[in-house]
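Note that these values count all heavy atoms, side chains included, but never hydrogens, waters or copies made by symmetry. Counting starts at 1 for both ligands and their atoms, following the listed order.
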Amino acid sequence: MINKKTEQKFLLVGNWKANPETQKAAQKLFRAVVKPVSLLKRVETVICPPTIYLGLLENDVVNRNCVLGAQTVSSFGAGSHTGSTTVPMLFDSKVRYVLVGHSEERAAGVTIEDIQTRISHILQYPLSPIICVGEVVRDSKNVFLKKFREEVKKILSGIPVEHISRVIFAYEPIWAIGETAPRPATPEECAQMVGIIRQSIRDQFPELEELPRVIYGASVSLETVKGFVEEGQVDGLLPGRASLDAKQFVSIARTLEKLKK
Ligand code: PGA
């Protein structure tokens, strides 16, 4: 599913979270984004709307350059699991990427074991998990670095080598997410954590010639795109709030299109 061409592209993932409030508004936002970003050659765009809008929007997916993603998936398979949406259901709704372990879900009780289970369910289908990892706070003794390494290692230990190229890691520093965050991470902070993720992948899979993609999310805006790509060393971005503003989101995509990878 993922060929060399896809890997060379930047990945831009819009996480709409619990927005907007009506089908009409969701369709309007999606349509305002999908056409302009589909024209880009070096950016693959993924829109993650609330699950309930996936079926509505699948008809507006015009080409493989802009596809649907899901914000979450159940840890269970089919059966007696009230309120759950499974991987085959997402796949059938044209979803191709699934966010796993976003911090807002972890705060609501999603565990590392849930995350591992979800990844293994996702990898049974031609889908890519976008695994969100990031520290809650930074401490002066660098305990957060040790914890971060351990978590990435634990997640990687459950991924078979034949699936690793499909996996995407999103470095999402929790302290930098949302409108109450004091600031985004700096490109240097981003490069350090992205470096740890890439090194952990190399340690786990020394035979890999090409590493899977690593992206950044947390208070991404048009102003920060260049810094995260050039100094932050990322393969793409995962904006939340900025994905709800079609104009800004399309500008972010166009800025990525012009940057070197
Ligand atoms: P934000 O959200 O861009 O609104 O900070 C990012 C995220 O939570 O993925």
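Of the charged side-chain nitrogens involved, at least one lies within less than 4.0 Å of a carboxylate oxygen, so that Arg118 and Glu105 count as a salt-bridged pair.
In this structure, the protein non-hydrogen atom closest to atom 6 (C) of ligand 1 is Gly240 N, 3.7 Å. What sits closest to atom 9 (O) of ligand 1 on the protein, heavy atoms only, is Glu172 OE2, 2.8 Å.
Taking both residues in full, the closest heavy atoms of Pro239 and Val220 are given as CB-CB, 4.0 Å, listed atom of the first, atom of the second, then distance. Shortest non-hydrogen contact noted between Val250 and Val33 is CG2-CA, 4.1 Å.
No more than 12 heavy atoms of other residues, nucleotides or ligands lie within 6.0 Å of OH in Tyr125, so this atom counts as exposed by the packing criterion.
Distances from ligand 1 to the non-hydrogen atoms of Ala242 include no value under 4.0 Å. At least one heavy atom of Ser219 sits under 4.0 Å from some atom of ligand 1.
Near Lys17, with a cut-off below 4.0 Å to any heavy atom, the atoms of ligand 1 are 2 (O), 6 (C), 7 (C), 8 (O). Using a 4.0 Å cut-off to heavy atoms of Ile177, the atoms of ligand 1 that qualify are 2 (O), 5 (O), 8 (O). With ligand atoms numbered from 1 in the order given, ligand 1 contributes 7 (C), 8 (O), 9 (O) to contacts under 4.0 Å with heavy atoms of His102. Less than 4.0 angstrom separates some heavy atom of Arg241 from each of these atoms of ligand 1: 1 (P), 3 (O), 4 (O), 5 (O).
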Walk me through whether Glu257 and Lys41 qualify under salt bridge (Lys or Arg N to Asp or Glu O under 4.0 Å). CA-CA 7 Å; Glu257 175 88 355; Lys41 297 203 167 47; over 6 Å; no

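The closest donor-acceptor contact from the side chain of Arg241 to the backbone of Gly178 lies under 3.5 Å.
Defined by atom type and a distance below 3.5 Å, a donor-acceptor pair is missing between the side-chain atoms of His102 and Gln71.
Of the polar atoms of Gly217, none of the N or O atoms is found under 3.5 Å from an N or O of ligand 1, judged by distance alone.
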